[in-house]
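Here is the structure we will look at.
Just so we're on the same page: letters track the sequence lines, and every chain starts at 1.
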2 protein chains.
Amino acid sequence: MSEAGNGRHGNGRHEVTVADVAAAAKVSKATAARALGDYGAVSEAVRDRVQAAAEELGYRPNALARTMSTGRSNTLGIVVGDIENPFFAQATRGASDVANAAGFDLILSNSDEDGDTEAKAIGVQLAKRVDGMLVAPASSVDVENLRTIVAAGRPLVLFDRAAPSLEVDTVIAANRTGARQLTGLLTAAGHRRIAFISTIAHPDGYRLGDVLGSTSVAERVDGFVSALDDAGVPDPARFVHLNARREGVEHLARRLLEDHEAGITAVVASDSLIALAVFRVARALGRNIPGDLSLVAFDDADWTGATTPAITVMAQPIHEIGAEAARLLIQRIGGDGRPPVTRVLDQHLIARESIAPPIDGETRPVAGSRTL
Amino acid sequence: MSEAGNGRHGNGRHEVTVADVAAAAKVSKATAARALGDYGAVSEAVRDRVQAAAEELGYRPNALARTMSTGRSNTLGIVVGDIENPFFAQATRGASDVANAAGFDLILSNSDEDGDTEAKAIGVQLAKRVDGMLVAPASSVDVENLRTIVAAGRPLVLFDRAAPSLEVDTVIAANRTGARQLTGLLTAAGHRRIAFISTIAHPDGYRLGDVLGSTSVAERVDGFVSALDDAGVPDPARFVHLNARREGVEHLARRLLEDHEAGITAVVASDSLIALAVFRVARALGRNIPGDLSLVAFDDADWTGATTPAITVMAQPIHEIGAEAARLLIQRIGGDGRPPVTRVLDQHLIARESIAPPIDGETRPVAGSRTL
DNA sequence: ATGAAAGCGCTAACAT
DNA sequence: ATGTTAGCGCTTTCAT
């Protein structure tokens, strides 16, 4: 390396440091630093002189050096499943707004919902000495990755999903209640054969009592199952379809809708991406929503109000989930020693037009799919 | 600050450093660092011993200290308008994938399309000594913010929008061609009163020759205008509506659609967010698409294929825009001294069902809006 | 192959 | 109010 660590760059210019500014302003390094960093006591005159010199020379503070000596980076790490997922984009924005307002920056990583990728991301952020981390854990069960954060002595706040075996601040939504209510709409309309679809990874078929990788999906499944129980549907677990990412959401949806034995008359989509896929497939198959198939989903994605029919959804305060998580984290970083809290934010129903009574009620199976 | 800079954290544990590892492995700091950092020459035996000690003690490298001495952070800064905007989320993901593959991390900031916010974001990232920056500039005209990056000696790559007065690598899409083609579809169908809507800030009404803050919007406007010219529409500039953010997209759309003097029969939406707003308003007003109003847009947002009717769009290779920008930046960081390039990526048309002939052709104005 | 020592840019005691 | 000095954790000559 030819120009490493010598404060030079490709253009050969010298990076101007406090020492340079100090020299130009004819004061000591310490005084210059005080004037620049706005701490300690400096006389008006000197402050002005130093700042003028800094301006003149084009001084830019080196945040890394500062972190080295103060031990604080004023940076938060955030690990999300995939920033392209509107849920995470919104939550990240919420966190970002709160962080910025409090003088913190954000380092972002995608875990792709994969444990190893998540581990790497966490390693990087820890190495960069973030003051604390916000993570939507890839797994609520295997918390090794999360433990390394705690072990490194960094405050950690979980969002969207909890990790029951870990005592840390957590911000989630009331998924069980929401799922129950959402599913209840369907059973009230007369549906009995309702599919729940999630992309979460899960070996084999779902069976009651299975521990899921994400508490939020687990809660949703719980609420779903209990709503079916309430409606007297036998063996509700058979209607829970996980692993949709591996198979491909559209593929799974197609398989489900074309399975006349199963005779699915309604779908609960665990997020807006799934809802969109189901919507597409239904249309491609000539299934009329809600006439032939009712559809409800989590998350009030912007487009859900624009389709025909508009989709009934359980909205989550996504922005606030990120924001509140950031608030808790910043409190901790500030030295708050209160016991860990779990904030459960309410979801709320937005009733639209995607529910209708099942076409044949309980009397399925029935003839093949029909067109409009 | 009680525990600053002393390598301690809230839990009182000592951060383990190379010195600790060296002591444990009974070698010098230099040797330990060589073994750990995988550089220089170390004997097998010593390497193993050091790595074992590191493992044992739970050593975590301090990336900041490393950057301090090497001058490289292996970190890229990226500044986008708003990460919640699917365009930026996708581009960011593209950049992130390329960056990660090359061993770089990403620091993300939102500019909110505001110059001052952008300046702050850039300041922060420069302070953190990113190795280079990716930015979708809030302004293509006022390039002061961008110049500070260049002045700081950091490689810079622009994406989505160019800055003609600056000689830097740039990745954009062929917006003029795309807009021309998209608008041409409308004129070919017989439309003459076509509104172009963008959220870009612009003082007063648009007039031919005005310089716009974003080259991508400027190119789109150019293509739009030239398509109208080709169709023999007089004074096409009057159909260009900017500033939609300030007024509110839905509000503007409503105003436009209700203006019977103007008699707009089609809309070109400059991005998918605008398209969605127009779609909503049209529906609220009882305007049938495409019967009463044709609609086309930029960006193949996932939902545009799911509405009724599905929307005809000009798709951009968004992921690739981010990815290519990151590639160029990493080349630069690697010391590539080639002259700056501008990569113009092709857009491609996805024809769907949102275009129909205008209901009255040129004979507008006509009676009030009607319901379906 | 290994070690000793200097230095990256900054802040934080501790003087004065 | 200002200056001196040491040190954050790492890499990098330069010796040996």
So, the side chain of D142(B) versus the backbone of E144(B): is there a donor-acceptor pair under 3.5 Å, distance only?
yes
Write down the protein N/O and nucleotide N/O pairs, taken from nucleotides 2-5 of chain D, whose separation is under 3.5 Å; answer none if there are no such pairs.
| from | atom 1 | to | atom 2 | distance (Å) |
| --- | --- | --- | --- | --- |
| dT2(D) | OP1 | S43(A) | OG | 3.0 |
| dT2(D) | OP2 | S43(A) | N | 2.7 |
| dT2(D) | OP2 | S43(A) | OG | 3.1 |
| dG3(D) | OP2 | S28(A) | N | 2.7 |
| dG3(D) | OP2 | S28(A) | OG | 3.0 |
| dG3(D) | OP2 | T31(A) | OG1 | 2.7 |
| dG3(D) | N7 | R34(A) | NH2 | 2.7 |
| dG3(D) | O6 | R34(A) | NH2 | 3.4 |

Taking side chain to side chain contact (heavy atoms under 4.5 Å, CB included) as the definition, give me every residue that meets it alongside E324(A), ordered by chain and number, with sequence neighbours left out.
V171(A), E320(A), R327(A), L328(A), R343(A)
In this structure, how many angstroms lie between the C1' atom of dA6(C) and the CE atom of M68(B), rounded?
14 Å
Separation of dG7(C) C1' from L64(B) CG (nearest whole Å):
17 Å
Does a donor on one side chain sit under 3.5 Å from an acceptor on the other, for Q331(A) and R338(A)?
yes
Verify the contact: side-chain N or O of Y39(B) to OP1 or OP2 of dC10(D), cut-off strictly under 4.0 Å; return yes or no.
no
For L36(B) and dT2(C), what is the distance between atoms CG and C1' respectively, to the nearest whole Å?
15 Å
Here the distance between atom P of dC10(D) and atom CZ of R60(B), to the nearest Å, is 12 Å
Measure the distance from CG on D38(B) to P on dT11(D) and round it to the nearest whole Å.
11 Å
Identify, with sequence neighbours excluded, every residue that meets side chain to side chain contact (heavy atoms under 4.5 Å, CB included) alongside R47(A).
D38(A), V42(A), Q51(A)
According to side chain to side chain contact (heavy atoms under 4.5 Å, CB included), who are the partners of E55(B), at least two apart in sequence or on a separate chain?
none
Which whole-number value in Å describes the distance from N74(B) CG to dT11(D) C1'?
14 Å
Separation of dG9(D) C1' from E15(B) CD (nearest whole Å):
10 Å
With A101(A), which residues qualify under side chain to side chain contact (heavy atoms under 4.5 Å, CB included), at least two apart?
none
Please determine which of T92(B), V135(B), D160(B) meets the side chain to side chain contact (heavy atoms under 4.5 Å, CB included) test together with V80(B).
T92(B)
End-to-end bend of the helix from dA1(C)-dT16(D) to dT16(C)-dA1(D) (five-pair axes, 10° rounding)?
40°
Are the side chain of R49(B) and the backbone of A25(B) linked by a donor-acceptor contact shorter than 3.5 Å?
yes
Quick one: N62(A) CG to dG7(C) P, roughly how many Å, whole number?
18 Å
Member of L156(B), V168(B), D131(B), D169(B) meeting the side chain to side chain contact (heavy atoms under 4.5 Å, CB included) criterion with R332(B):
D169(B)
